[in-house]
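Just so you know, residue 1 is the first one in the sequence shown, and it goes up from there.
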Amino acid sequence: SSMSSERISSLTISPRSILWTASEASIRDSTVNAMARFNEGGWKSIAFPVLGAGSGGFDQGSAEQLMVEALAPVACAGEVRLVRFQPRRG
């Protein structure tokens, strides 16, 4: 039997400095730039954390809305998911 393999790769987006804080522009730009790399790479799917929330200090709901708005005009033949991380309770 033959075994099929899929190319699995990752694209990392990280702040340039530990003192970095997210802005509306940085969230939009990071989202659009990641999608450009995704489309160039020919991948089938991409999953984003909510960029700028967490260590970037941006409100998660506002950051998610900025990402959705930035993604709306971007052509994409693959699947795009936004992943919301929830703090553990207890």
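A side chain to side chain donor-acceptor pair (under 3.5 Å) check over residues 67-80, counting only residues at least two apart or in different chains, returns the pairs Gln65-Glu69, Glu79-Arg81. Among residue pairs with one or both ends in residues 55-68, those qualifying as salt bridge (Lys or Arg N to Asp or Glu O under 4.0 Å) are Glu64-Arg84; sequence neighbours excluded.
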Below 3.5 Å, can you tabulate the donor-acceptor pairs from side chains in residues 46-53 to any protein atom, sequence neighbours excluded?
none

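Between Ser26 atom OG and Leu66 atom CG the span is 9.0 Å, to the nearest 0.5 Å.
The hydrophobic cluster containing Leu82 does not contain Val32, counting ILVMFWY residues as joined when their side-chain heavy atoms lie under 4.5 angstrom apart, directly or transitively.
Listed here is the closest heavy atom pair of Cys76 and Phe38: SG-CE2, 3.4 Å.
Residues Phe85 make up the rest of the hydrophobic cluster containing Val83, defined by ILVMFWY side-chain heavy atoms closer than 4.5 Å, directly or through other members.
For Glu24, the salt bridge (Lys or Arg N to Asp or Glu O under 4.0 Å) partners are Arg28, not counting sequence neighbours.
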